[in-house]
> 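What follows is a single structure, and I will ask about it in a moment.
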Amino acid sequence: MDRVVIVGAGQAGLSVAASLRADGFAGAITLIGDEPGLPYQRPPLSKAFMKDGDATRLALKPESFFALADVAYRPDAIVAAIDPAAAVAVLASGERVGFDHLVLATGARNQRPPVPGLDLAGVHELRGLADATRLRAAMADARRAVVIGGGFIGLEFAAVAAEAGLAVTVVEAADRLMARAVTPALSARFLDFHRASGVDVRLSALGRGITGGGRAQGVELADGTTLPADLVLVATGVRPNTELAEAAGLAVANGIVVDEHLRTADPRIFAIGDCANFPLGGIATRLESVQAATDHARHVARAIMGADQPPYGALPWFWSDQGPLKLQIAGLSAGFDDTAALTDATGAVDTVLAYRGDRLIAVETVNQPGRHMAARKLLSRPEPVSRAAVEAAGHDLRTLLAG
Ligand SMILES: Cc1cc2nc3c(=O)[nH]c(=O)nc-3n(C[C@H](O)[C@H](O)[C@H](O)COP(=O)(O)OP(=O)(O)OC[C@H]3O[C@@H](n4cnc5c(N)ncnc54)[C@H](O)[C@@H]3O)c2cc1C
């Protein structure tokens with residue numbers, strides 16, 4: 001009988017188990033994760049959960065799923081090593097679990113910037129439910145929060161904290177918000193929103209250290225300014241968990257390197273989700289998104305079942321909720337050379353079309369779910385969408401889709 005062992009019980013790992021069973025896989029499935037409890041969704045940690053603290057809505061599947069789907073779920077279990085020659089995953093307890101197919105879905109962990117003070121009380125990070133629970137409790141007693149990092153997670157938290165009445169400062173090293181992920185017009189739209197909500201956003205500002213004796217009292221910037229704080233969130237990005245793969249002799253470069261079917265050089269071993277570096281349209285790519293985790297999982301489930309399928313090529317898409325603004329992104333804007341921005345009735349930018357040459361490569365929207373869905377459908381088509389076609393349709397993506 002075929003045995004699949006999945007390392008990491010997050011969004012990607014759980015999705016492989018579910019996809020295998022949905023596709024009729026009859027072999028044994030073991031899902032091993034080092035966190036306690038049921039596998040859960042991370043996106044609400046910085047959104048709904050940070051507001052309401054309701055952990056019951058986070059589970060990806062109810063407890064009954066594991067018995068019904070015959071998935072051996074092993075929470076609180078660390079995979080300490082992989083022995084490809086023996087086809088065995090070795091747990092920290094010493095237990096050895098044999099596999100015919102191994103899926104590495106080990107996710108990522110937060111970067112720790114090289115600044116003093118990270119271990120002071122009152123300094124937080126946000127990746128898992130335990131972090132979110134601590135941060136939420138700290139928020140209830142805090143008056144002044146400084147968020148280091150103006151990316152999705154830092155800004156989502158900043159919006160919740162400002163809404164809860166804290167004085168919030170965001171410190172961002174780049175000259176615009178979410179610079180890695182969105183175009184300048186979108187960064188500007190969100191800068192306006194956060195400033196209008198009372199958040200003090202400092203751009204081109206480098207946190208040099210966290211001050212305080214025992215407890216965080218402030219964040220010192222490279223220009224000498226100290227921002228007082230009784231709560232500090234460090235949200236400066238993540239790094240993929242690649243150590244297991246590397247120790248097993250698999251290639252690692254900003255993630256576990258896999259081919260167009262998400263396979264490592266060892267055909268029995270796959271890597272998916274946040275930990276995987278995979279070719280997308282020929283470009284080495286690592287994504288941190290629910291979309292990538294679940295689409296990777298579906299592809300790998302079919303590969304394990306021997307399906308003859310085209311190379312992995314699902315369109316990336318993302319979202320971020322910041323206060324009343326829902327940002328949705330279809331496609332990757334990296335490498336754009338021109339953009340066109342559309343505005344709503346108030347004159348605020350609500351859509352940015354990103355072009356590379358004559359080709360539409362990404363669409364960013366704010367509170368425009370219909371436009372986002374149309375963009376996803378258009379950009380998923382095999383044929384490129386030309387700028388001329390978008391302009392001929394008066395920038396109306398739904399018209400273009402229908403035409
Ligand atoms: C606060 C927050 C908000 C987010 N918001 C969004 C959003 O709005 N939209 C979006 O698309 N994405 C969002 N993301 C990103 C999204 O949650 C991730 O891309 C997704 O969880 C990746 O799934 P994964 O399974 O690859 O990794 P993870 O969910 O990180 O799961 C990996 C699991 O493997 C475990 N593990 C690692 N090594 C071992 C080992 N050796 N043995 C056993 N277990 C191991 C880890 O502890 C972890 O539980 C957010 C992330 C965070 C943290």
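All ligand and atom numbering here is 1-based and tracks the order in the structure.
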> Checking the side chain of R136 only, and the main-chain atoms of K51 only, is there a donor and an acceptor separated by less than 3.5 Å?
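Present.
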> Residue-level breakdown please: for A105 versus ligand 1, do any non-hydrogen atoms fall below 4.0 Å on the side chain, on the backbone, on both, or on neither?
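The backbone, only.
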> Contact between L203 and L177 at the side-chain level, heavy atoms closer than 4.5 Å - yes or no?
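L203 reaches L177 side chain to side chain.
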> Looking only at distances, please establish whether an N/O atom of ligand 1 is found under 3.5 Å from an N/O atom of V79.
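Yes - when backbone and side-chain N and O of V79 are compared with those of ligand 1, one distance drops under 3.5 Å.
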> What are the atoms of ligand 1, with element, lying closer than 4.0 Å to any heavy atom of I78?
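This gives 42 (N) as the contact atoms.
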> Considering non-hydrogen atoms of the protein only, which is the closest contact for atom 27 (O) of ligand 1, and what is the distance?
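Sorting protein heavy atoms by distance from atom 27 (O) of ligand 1 puts G107 CA, 3.3 Å first.
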> Between K47 and ligand 1, which residue portion shows a heavy-atom distance shorter than 4.0 Å: side chain, backbone, both, or neither?
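For K47, only side-chain atoms sit under 4.0 Å from ligand 1.
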> For R180, does the CZ atom have more than 12 heavy-atom neighbours from other residues, nucleotides or ligands under 6.0 Å away?
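Open: at most 12 neighbouring heavy atoms sit under 6.0 Å from CZ of R180.
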> Should the proximity of A80 to ligand 1, defined as any heavy atom under 4.0 Å, be assigned to the side chain, the backbone, both, or neither?
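It is neither; nothing of A80 touches ligand 1.
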> Among protein heavy atoms, which lies nearest atom 2 (C) of ligand 1, and at what distance?
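Result: I153 CD1, 3.5 Å.
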> If you compare all heavy atoms of A105 against all heavy atoms of C275, which two are closest, and at what distance to 0.1 Å?
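In terms of heavy atoms, the two residues are closest at CA-SG, 4.2 Å.
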> Is V290 in polar range of ligand 1, meaning some N or O pair under 3.5 Å apart?
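Among all N and O atoms of V290, at least one is under 3.5 Å from an N or O of ligand 1.
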> Just to be sure I'm reading this right: ignoring hydrogens, which of D34, L126, T242 gets closest to atom 35 (C) of ligand 1? Compare them by their nearest heavy atoms.
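Looking at heavy atoms only, the winner is D34.
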> Hey, does A12 come in under 3.5 Å of ligand 1, counting only N/O atoms on both sides?
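The answer is yes, given that A12 and ligand 1 share an N or O pair closer than 3.5 Å.
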> Can you figure out which of R127, Q328, E243, K326 has its heavy atom closest to atom 30 (O) of ligand 1?
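Among R127, Q328, E243, K326, the closest heavy atom to atom 30 (O) of ligand 1 belongs to R127.
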> Is the shortest distance from a Lys or Arg side-chain nitrogen in D230 or R144 to a carboxylate oxygen in the other one below 4.0 Å?
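R144 and D230: not salt-bridged.
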> Between E172 (side chain) and A174 (backbone), is there a donor-acceptor pair under 3.5 Å?
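At least one qualifying donor-acceptor pair exists.
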> Within a distance under 4.0 Å of any heavy atom of L244, pick out the atoms of ligand 1 and give their elements.
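The atoms of ligand 1 under 4.0 Å from a heavy atom of L244 are 41 (N).
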> Just distances here: any N/O of D274 and N/O of ligand 1 closer than 3.5 Å?
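Yes - when backbone and side-chain N and O of D274 are compared with those of ligand 1, one distance drops under 3.5 Å.
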> Is a salt bridge present between R202 and D223, judged by a nitrogen-to-oxygen distance below 4.0 Å?
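Between D223 and R202 there is no salt bridge, as every charged N stays at least 4.0 Å from the carboxylate O atoms.
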> Are R112 and D119 close enough for a salt bridge, meaning some N to O gap below 4.0 Å?
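Salt bridge flag = yes for D119 with R112.
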> With atoms numbered from 1 as shown, which atoms in ligand 1 lie under 4.0 angstrom from a non-hydrogen atom of G273?
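Result: 26 (O).
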> Are any of the N/O atoms on W319, whether in the backbone or the side chain, positioned under 3.5 angstrom from an N/O atom of ligand 1?
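Yes, there is a polar N/O contact under 3.5 Å.
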> In terms of side-chain heavy atoms, does T264 have a donor or acceptor partner in D266 at a distance below 3.5 Å?
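Note: T264 and D266 side chains miss the donor-acceptor criterion.
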> With atoms numbered from 1 as shown, which atoms in ligand 1 lie under 4.0 angstrom from a non-hydrogen atom of G10?
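Numbered from 1, ligand 1 contributes 25 (O), 29 (O), 31 (O), 33 (C).
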> Please list the nearest protein heavy atom to atom 15 (C) of ligand 1 with its residue and the distance rounded to 0.1 Å.
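Residue, atom and distance for the closest contact: E288 O, 4.1 Å.
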> Is there a nitrogen or oxygen of E156 sitting under 3.5 Å from a nitrogen or oxygen of ligand 1?
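Looking only at distances, the answer is no, because the N/O contact criterion of under 3.5 Å is not met.
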> Is a side-chain N or O of R302 found less than 3.5 angstrom from the main chain of G306, in a donor-acceptor match?
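Between the backbone of G306 and the side chain of R302 there is no qualifying donor-acceptor contact (under 3.5 Å).
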> Counting heavy atoms only, which of P43, A292, A297, S15 comes nearest to atom 6 (C) of ligand 1?
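It is P43 whose heavy atom sits nearest to atom 6 (C) of ligand 1.
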> Would you say T351 and Q368 are linked by a side-chain donor-acceptor pair, where the criterion is simply a distance under 3.5 Å?
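No donor-acceptor contact under 3.5 Å links the two side chains.
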> So for atom CZ, which belongs to R109, do other residues, nucleotides or ligands contribute more than 12 heavy atoms lying within a distance under 6.0 Å?
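Count over threshold, so yes.
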> Just let me know how D321 lines up against ligand 1, side chain, backbone, both or neither, with a heavy-atom cut-off below 4.0 Å.
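No part of D321 is near ligand 1 at this cut-off.
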> Check the angle between the aromatic planes of Y312 and H299 and answer parallel, tilted or perpendicular using the 30° and 60° thresholds.
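Aromatic pair Y312/H299 classed perpendicular.
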> If you define the side chain from C-beta out and look only at heavy atoms, does anything of N367 sit under 4.5 Å from D350?
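In short, these two side chains do not touch, never coming nearer than 4.5 Å.
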> Indicate yes or no: does D321 engage K326 in a salt bridge with an N to O separation below 4.0 Å.
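Salt bridge: yes.
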> Looking at atom 34 (O) of ligand 1, what's its closest protein heavy atom, distance included?
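Result: G8 CA, 3.1 Å.
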> Is it the side chain, the backbone, both or neither of E35 that has a heavy atom closer than 4.0 Å to ligand 1?
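Near ligand 1, E35 shows its side chain, while the N, CA, C and O stay back.
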> Looking only at protein heavy atoms, which one is nearest to atom 37 (C) of ligand 1, and how far off is it?
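It is T106 O, 3.2 Å.
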> Just which atoms of ligand 1 are under 4.0 Å from any heavy atom in S289?
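Ligand 1 atoms under the 4.0 Å threshold to S289: 11 (O), 12 (N), 19 (O).
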> State plainly whether the residues R298 and D295 are in salt-bridge range, i.e. N to O under 4.0 Å.
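Yes, this pair counts.
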> Using a heavy-atom cut-off of under 4.0 Å, does the side chain or the backbone of F152 touch ligand 1, or both, or neither?
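For F152, there is no contact with ligand 1 at all, from either part.
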> Is there any N or O on S46 that sits under 3.5 Å from an N or O of ligand 1?
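N/O-N/O distance below 3.5 Å does not exist for this pair.
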> Who's closest to atom 48 (C) of ligand 1 heavy-atom-wise, of R109, R42, Q11?
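Answer by nearest heavy atom: R42.
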